[in-house]
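All remarks here apply to the structure that follows.
Residue numbers begin at 1 in each chain, while the letters A, B, ... track the order of the sequences. Computation of the quantities below employed the complete heavy-atom set of this structure, encompassing side-chain atoms and omitting hydrogens, waters and symmetry-equivalent molecules.
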2 protein chains.
Amino acid sequence: MNKMTLLDVSLIKNLDPFVGMEDTALQDVLDLSDSMHYAKGKMIFREGDQAKCFYLLLDGHIRVVKTSPHGEQIIARVISSGELFGIAKALHRDTYPADAVAAVDCLVLCWSNRHWDKIVNAYPSFASNTNKTVGKRLAETQARVMELATERVEQRVASTIVKLAAQTGKKTNEGILIDFPISRQDVSEMTGTTLHTVSRLMSAWESKGWVKSGRQKITLLESHKLAMVAAGHDKN
Amino acid sequence: MNKMTLLDVSLIKNLDPFVGMEDTALQDVLDLSDSMHYAKGKMIFREGDQAKCFYLLLDGHIRVVKTSPHGEQIIARVISSGELFGIAKALHRDTYPADAVAAVDCLVLCWSNRHWDKIVNAYPSFASNTNKTVGKRLAETQARVMELATERVEQRVASTIVKLAAQTGKKTNEGILIDFPISRQDVSEMTGTTLHTVSRLMSAWESKGWVKSGRQKITLLESHKLAMVAAGHDKN
DNA sequence: CGAAGCCTTGATGCGCCTCAACGTACGTGG
DNA sequence: CCACGTACGTTGAGGCGCATCAAGGCTTCG
């Protein structure tokens, strides 16, 4: 995690958290930040740590992971570039609620929580954008409760893959590639199942030509078919 | 839902959402509110409705219910007296994310969303308390995802009942009574199982003398035993 | 080149859903 | 106030979805 310098407003100008802010305001905020690099696999913060900073992901992908009392891990969400994370301050927490791990090499900005109130008060649209983000995450989490409570594994896995493709997908000549290393185990930790079941499902879909997958790699060839499975229209 | 009048600051003075506010401020806020009564079973708002108001529950209990595309219902949370609900505005939503149903006769205050910005800007501690509430709900929802993904039905049901007892429990000479009508079906919709399984579990616990339950009524006699089950220490 | 991490596939079993039937408390209206 | 309808609760039988256990192949990296 090396500190970097030379930040330009254009880096963050068009990101969700900063819509509605003037360039001068953005420069002010940027001047308060540090720029850091985290290598693939590095932990950025740990569940229960004192929350000293909040972060913006400039480039890369981050897994937000919670561990149960019995040691099972689940992936709470995946952060993509342009998103805030570690914003414990926005929720009046003084510790982080989960681990954050760099899924690939990541470039992040971070701000000391000292500056939070200053920024929020000076730039109401930032506060407002943050609330919106939190609201979205609450809705997503609630939707996941719904899925876990009412849908079968097959649907949840399909739905998760389709959502990941929408969030992080990169067009290739074959189809939509999920653009960071993701194992069967990762998918199982996102869906509340086992890596074995995920593997079987992926194999089945691969043999139907709906996906193409390999070691920590998933490409969607027929995402509408998967979307149908996700919706519960099993038979096909 | 009859409109009422004659509101006193003492009604809300000690409630979480209003800590840190002066009496004069409370009176100002109170003057903007309407007081309403909802009979047991009435729907206060429906998922997808335009969010015109936000609410404070003064007395009663409210079930927050989501319905899946296939018609299954789940109970997202139970609101107890003193809590805000329907605060779509805080999350920058313009519709409510779920149904709100009066579990018993309820007394609520409501404010037009017109007043939201005014109140939030005039009384920063209200804004701050609201963020804290949202943060707690996000954490709770996340914890539920965790439970659904990693625990077995028995644990989830035990855990839900213990939490309900902590949230709404009333001491009786027998034990802790969950203080609103709650059916087997309700519990199943909170835990992602069926009413049959809940019924079997309750019967088993009743025969061990851990709970005493009847029609829409649950009393905990040995909550520590249930807490053990919730924690996964099955054998006993 | 060995070791570790990821993936696959089979066999087996059980937790819990599903289907079914009946018992019991509530409240509503004749 | 009783009779009936409706909602809630209980309990059994059966089966399926998926976890678990087990074994082996393949890729990546030091």
Side-chain angles (χ1 to χ4, degrees), chain A residues 39-41 63 68 70-74 101 103-104 147-158 160-161 178 180-207 211-219 229 232 234-235, chain B residues 39-41 63 68 70-74 101 103-105 147-158 160-161 178 180-208 211-219 229 232 234-235:
Chain A
K40 173 176 173 176
R63 283 197 303 265
S68 82
H70 298 283
E72 301 107 319
Q73 303 207 334
I74 70 156
V101 182
V104 294
E147 287 184 6
L148 283 163
T150 66
E151 294 177 5
R152 278 174 305 121
V153 166
E154 188 186 17
Q155 297 175 248
R156 303 202 303 266
V157 172
T160 297
I161 290 176
I178 294 179
F180 64 97
I182 182 167
S183 68
R184 306 292 185 258
Q185 171 99 30
D186 290 334
V187 175
S188 76
E189 289 177 3
M190 287 192 254
T191 50
T193 180
T194 61
L195 68 104
H196 309 277
T197 297
V198 172
S199 181
R200 280 182 240 272
L201 287 170
M202 299 290 295
S203 296
W205 293 334
E206 185 137 17
S207 75
V211 304
K212 194 159 174 310
S213 74
R215 193 188 174 80
Q216 302 195 97
K217 192 168 74 63
I218 302 177
T219 304
V229 173
D234 285 59
K235 310 306 160 199
Chain B
K40 174 177 173 174
R63 282 197 303 264
S68 82
H70 297 284
E72 301 107 318
Q73 303 207 333
I74 71 154
V101 182
V104 294
D105 290 0
E147 288 184 6
L148 283 163
T150 66
E151 296 178 3
R152 279 175 304 122
V153 167
E154 188 184 16
Q155 297 173 249
R156 303 202 304 265
V157 172
T160 297
I161 289 175
I178 293 178
F180 65 97
I182 182 167
S183 68
R184 305 292 186 256
Q185 171 99 32
D186 291 334
V187 175
S188 76
E189 289 178 2
M190 286 192 255
T191 50
T193 180
T194 61
L195 68 104
H196 308 277
T197 297
V198 172
S199 181
R200 281 182 241 270
L201 287 170
M202 299 290 294
S203 296
W205 292 335
E206 185 138 18
S207 75
K208 293 187 190 179
V211 304
K212 193 158 174 310
S213 75
R215 192 189 176 78
Q216 302 195 97
K217 194 168 72 65
I218 302 176
T219 304
V229 173
D234 287 61
K235 310 305 161 201

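Smallest separation of non-hydrogen atoms from A/Lys40 and A/Pro181: NZ-CG, 4.0 Å. The two residues A/Ala149 and B/Gly192 have their closest heavy-atom pair at CB-CA, 3.8 Å. In terms of heavy atoms, B/Met202 sits closest to B/Val211 at O-CG2, 4.0 Å. Considering every non-hydrogen atom in both B/Phe180 and B/Ala103, the closest pair reads CD1-CB, 4.1 Å.
A search for salt bridge (charged side-chain N to carboxylate O under 4.0 Å, His left out) contacts involving B/Arg156 returns nothing, not counting sequence neighbours. Qualifying side chain to side chain contact (heavy atoms under 4.5 Å, CB included) partners for B/Thr197, counting only residues two or more places apart in sequence or in other chains: B/Val153, B/Thr193, B/Thr194, B/Leu201. Annotation: side-chain hydrogen bond (donor to acceptor under 3.5 Å, both in side chains) contacts of A/Ser203 (sequence neighbours excluded): none. Remark: B/Glu147 pairs with B/Lys163 by the salt bridge (charged side-chain N to carboxylate O under 4.0 Å, His left out) rule, at least two apart or across chains. Looking at residues two or more places apart in sequence or on another chain, you find a side chain to side chain contact (heavy atoms under 4.5 Å, CB included) between A/Thr160 and A/Leu164, A/Met190, A/Thr191. The salt bridge (charged side-chain N to carboxylate O under 4.0 Å, His left out) test applied to B/Arg200 returns no partner, not counting sequence neighbours. For A/Thr150, there are no side-chain hydrogen bond (donor to acceptor under 3.5 Å, both in side chains) partners at least two apart in sequence or on another chain. Under the side-chain hydrogen bond (donor to acceptor under 3.5 Å, both in side chains) criterion, A/Glu72 pairs with A/Ser68, sequence neighbours left out.
Axis deviation across the helix from C/dC1-D/dG30 to C/dG30-D/dC1 amounts to 40°, comparing end segments of five pairs, rounded to 10 degrees.
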What's touching nucleotides 14-16 of chain C from the protein side, N or O pairs under 3.5 Å?
unit_1: C/dC16; atom_1: OP1; unit_2: B/Val153; atom_2: N; d: 2.9

Between protein and nucleic acid, restricted to nucleotides 4-8 of chain C and to nitrogen or oxygen atoms under 3.5 Å apart, what atom pairs and distances do you find?
unit_1: C/dG5; atom_1: N2; unit_2: A/Arg215; atom_2: NH1; d: 3.1
unit_1: C/dC6; atom_1: O4'; unit_2: A/Arg215; atom_2: NH1; d: 3.4
unit_1: C/dC7; atom_1: OP1; unit_2: A/Gln216; atom_2: N; d: 2.8
unit_1: C/dC7; atom_1: OP2; unit_2: A/Arg184; atom_2: N; d: 2.9
unit_1: C/dT8; atom_1: OP2; unit_2: A/Arg184; atom_2: NE; d: 2.9
unit_1: C/dT8; atom_1: OP2; unit_2: A/Arg184; atom_2: NH2; d: 3.4
unit_1: C/dT8; atom_1: OP2; unit_2: A/Ser199; atom_2: OG; d: 2.7
unit_1: C/dT8; atom_1: O5'; unit_2: A/Ser199; atom_2: OG; d: 3.4

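Along DNA chain D, the stretch of nucleotides lying under 4.0 Å from any heavy atom of chain A spans, 5' to 3', D/dC18 to D/dT28.
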